[in-house]
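None of these values were measured; they are calculated from a predicted model. FYI, the numbering just counts along the sequence from 1.
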Amino acid sequence: MRSYILSLTKQYIVDYISSPEVNFLTSISGRVSKKTKLVFRFLDERSIEPSTNQTYGSMLKNLTFVKTFASGILVPKNYIWPVTPDNYLLSYTSVVDDAHKAGLEVYAAGFANDFAISYNYSYDPLTEYLSFIDNGAFSVDGVLSDFPITPSEAVGCFSNLNDSKIDHAKPLVISHNGASGDYPDCTDQAYQKAVADGADVIDCPVQVTKDGIPICMSSIDLMDVTTVATSQFATPAVTITDLKPVPGVFSFNLTWDDISKNLKPMISNPLSKFQLYRNPRNKNAGSFMRLSDFLAFAKDKDLSGIMITVERAAFMAEKLGFGVVDAVIKALDDSGYSKQTAQKVMIQSTNSSVLVKFKQETKYDLVYMIEEDVRDAAPSSLADIKKFASAVSVSTKSIFPTTNQFLTNQTNNLVTSLQSSGLPVYVYLLMNEFVSQPYDFFSDATAQINGYVQGAKVDGVITDFPGTAHRYKLNSCMGKNAPDFMRPAQPGGILSVMDPGAQPPAAAPMPLLTDSDVAEPPLPPVSNTTTASTPSHAALRMKTDASILITLLVLCASLLI
């Protein structure tokens, strides 16, 4: 090996030679160019270095010896930032300072974007790199990575942002259930984190309780987002086919006191089938928020606006006797939002009927969410949308179609069509977990954001991790002179270099959004009930009791037979 390496150095300029063996590096020292840096690579601390018969951990305490045959050290990243058994960061060690004092450069190894990195990094590999090069205490001299695009971003575009006054304005950063990648959905802690992370807009999806109180809750089924399954309210669960095909305990089955005093939030884990879980130490952290609490919280924060999402308004009106549109308008009036201009109010819904009613009664910004994946919008549907909405939210796949997690070269014109009609476009839903991203983004959430902002030209992003999107707005590499690693991924780029026999099947073209997809009948009138949800709750209980009675009758008949 020594002879081979020495022969290479006579033919090529070699910048670095690394080895975990002392004898190998000492044997080539002085026989290679002075421009070639010799780097001693540390393996696991308990492993034995064969030349000295010492553990690498003990050699770390004698860096002056290492300096006699190397100009730098390459260490596993956990030598510098160790982690706990449950994958949270411990305090950083003195390895970098000790090596620098010994005159050695320090390189960290073991980086890959598709590893399950410490929960402190919120599944954001760029954050991990920055913790090694821009943490205010020390900086390594280099990193060894399977994904060089991300450390290149860190070094070239995202270092020293604390001293930067750059803010590219776009994209508008809209939270999805607060910072739900770090804390349970729609809790005070999720909203506090979203504000601290620089979200421009925080959101509240509205549900209603049994006693008619609007609350911020990401799912109408408490089974999805609370600990109701282990509470005294777990039975009887009911099946409401209008909402979901399986039994649930719904927000309107319990009062606000039932929920706030007896249940705990439960963090969402949308990618748990890949064994990727969010912030386990805080999986039940935070407090639930009523809509009024949310509005009071947001009012004095440094936000450009709030977004209230309204779904199932027709169901609430007909089955619960609850007018959710009127309730939201009243809450906004009571909190003073209808009389202020400092923060814009955005109302989002997949139902045009909801937005039509808001347009009739308010002057808030209305956002139409296209629930289906579509390739474009017919002119007639665009005309319909403009009658009731001022912006549109679209899915990631409607912008960049995929097949087996590869971006295809299909050209979807949806963003251009919407923006040409004067409708800003917000893309949903962005997540930091690498399995949520097409391979073309190299398991890098920042590269994905860059693709939608610089490539597709969207106006905003809706994300579980607003901190990652906010930091993107501060980077120093935007514009025509952006380095190659900050140029957006090209749709079909990876597929184009794959052997045709290895390529996944072509994806079928997506449908066109038509006016029939958009048009809806007006919301039904609110049913005449004495309270918001008691009649529905009673009806559901009667349905459950009837089911039990039928079962008992069948059993009795069987016994008689």
Side-chain angles (χ1 to χ4, degrees), residues 170-172 174 176 201 203-206 242-243 305-318 323-329 332 338 344-401 410-429 452 456-462 508-526:
K170 286 188 177 182
L172 186 73
I174 304 169
H176 179 248
V201 176
D203 68 306
C204 169
V206 174
D242 289 344
L243 300 180
I306 58 171
M307 175 183 279
I308 298 174
T309 300
V310 177
E311 301 294 346
R312 303 181 184 86
F315 173 87
M316 292 183 188
E318 290 184 316
V324 63
V325 172
D326 294 334
V328 169
I329 292 173
L332 288 165
S338 58
K344 63 181 176 181
V345 176
M346 306 164 73
I347 307 293
Q348 177 177 257
S349 182
T350 59
N351 299 120
S352 60
S353 56
V354 169
L355 299 181
V356 166
K357 185 170 176 62
F358 270 105
K359 189 172 181 65
Q360 292 169 348
E361 301 187 22
T362 71
K363 295 183 178 179
Y364 300 133
D365 290 0
L366 306 178
V367 182
Y368 181 52
M369 175 175 275
I370 301 175
E371 201 168 12
E372 304 82 8
D373 295 333
V374 296
R375 70 177 187 274
D376 204 349
S380 57
S381 67
L382 292 170
D384 283 351
I385 293 171
K386 280 189 64 69
K387 292 176 183 177
F388 60 81
S390 54
V392 178
S393 299
V394 304
S395 68
T396 55
K397 289 186 178 180
S398 291
I399 299 174
F400 291 138
Q410 292 180 18
T411 302
N412 280 8
N413 297 316
L414 183 61
V415 174
T416 301
S417 297
L418 292 167
Q419 291 175 338
S420 297
S421 297
L423 295 165
V425 178
Y426 311 135
V427 60
Y428 72 89
L429 171 66
Y452 285 103
K457 307 296 183 185
V458 300
D459 300 282
V461 296
I462 299 174
M510 293 178 183
L512 184 72
L513 186 74
T514 65
D515 49 357
S516 62
D517 298 317
V518 176
E520 290 181 346
L523 286 177
V526 176

Q.
Quick check for you: to the nearest 0.5 Å, what is the distance between Leu423 atom CG and Lys386 atom NZ?
A. 5.0 Å
(Q) Just verifying a value: how many Å separate Leu382 CG and Asp376 CG, rounded to the nearest 0.5 Å? (A) 7.5 Å
Q | 4.5 Å side-chain heavy-atom contact, Val356 and Lys387 | A | no
Q: Enter the distance from His176:NE2 to Tyr428:OH here, rounded to the nearest 0.5 Å.
A: 9.5 Å
Q: Mind checking the CD1-OG1 spacing from Ile462 to Thr396? Nearest 0.5 Å is all I need.
A: 11.5 Å
Q) Can Asp365 and Ile347 be said to form a side chain to side chain contact (heavy atoms under 4.5 Å, CB included), step by step? A) CA-CA 6 Å; Asp365 290 0; Ile347 307 293; over 6 Å; no
**Q.** Which residues share a side chain to side chain donor-acceptor pair (under 3.5 Å) with Lys170, sequence neighbours left out
**A.** Asp459
Q) Hey, are the side chains of Val392 and Tyr426 touching, using non-hydrogen atoms and a 4.5 Å cut-off? A) no
(Q) Side chains of Val458 and Val394, heavy atoms from C-beta outward: is any pair under 4.5 Å? (A) no
Q: Indicate the atoms forming the closest heavy-atom contact of Pro171 with Gly460, along with that distance.
A: CB-CA, 3.8 Å
Q: Only counting residues at least two apart or in another chain, list the ones meeting side chain to side chain donor-acceptor pair (under 3.5 Å) with Ser381.
A: none
Q) Is there side-chain contact between Lys363 and Val345, with heavy atoms separated by less than 4.5 Å? A) no
(Q) Heavy-atom count check: over 12 atoms from other residues, nucleotides or ligands less than 6.0 Å from Glu371 CD? (A) no
Q. Are any non-hydrogen side-chain atoms of Asn351 and Tyr368 less than 4.5 angstrom apart?
A. no
Under 3.5 Å donor-acceptor pairs involving side-chain atoms of residues 306-313, not counting sequence neighbours:
residue	atom	partner	partner atom	Å
Thr309	OG1	Gln348	NE2	3.3
Glu311	OE1	Thr350	OG1	2.6
Glu311	OE2	Thr350	N	3.0
Glu311	OE2	Thr350	OG1	3.4

Q. Where is the tightest heavy-atom contact between Pro521 and Ser353, given as atom of each residue plus distance?
A. O-CB, 3.3 Å
(Q) With heavy-atom distances below 4.5 Å as the criterion, would you say the side chains of Val354 and Leu523 are in contact? (A) yes
Q.
I'd like to know if the side chain of Gln410 reaches the main chain of Pro401, judged simply by a donor and an acceptor atom lying under 3.5 Å from each other, with no hydrogens or angles considered.
A. no
**Q.** Rounded distance [0.5 Å steps], CD in Glu372 versus OG in Ser395
**A.** 9.0 Å
(Q) Quick check against the 3.5 Å criterion: does Ser398 have a side-chain atom that pairs as donor or acceptor with the backbone of Val374? (A) yes
Q. Are any side-chain N or O atoms of Thr362 and backbone N or O atoms of Phe358, one a donor and one an acceptor, separated by less than 3.5 Å?
A. yes
(Q) Is there a side-chain contact between Leu414 and Arg375 in this structure, where contact means two heavy atoms from C-beta onward sitting under 4.5 Å apart? (A) no
Q: Measure up the Phe400 and Tyr452 rings against each other and bin them: parallel (under 30°), tilted (30 to 60°), perpendicular (over 60°).
A: tilted
(Q) I need the Lys344 NZ to Leu172 CG distance, nearest 0.5 Å. (A) 5.0 Å
Q: Return the minimal non-hydrogen interatomic distance between Pro524 and Ala317, and the atom names on each side.
A: O-CB, 3.8 Å
(Q) Run Asp517 and Thr514 through side chain to side chain donor-acceptor pair (under 3.5 Å) and show every step you take. (A) CA-CA 5 Å; Asp517 298 317; Thr514 65; 3.1 Å; yes
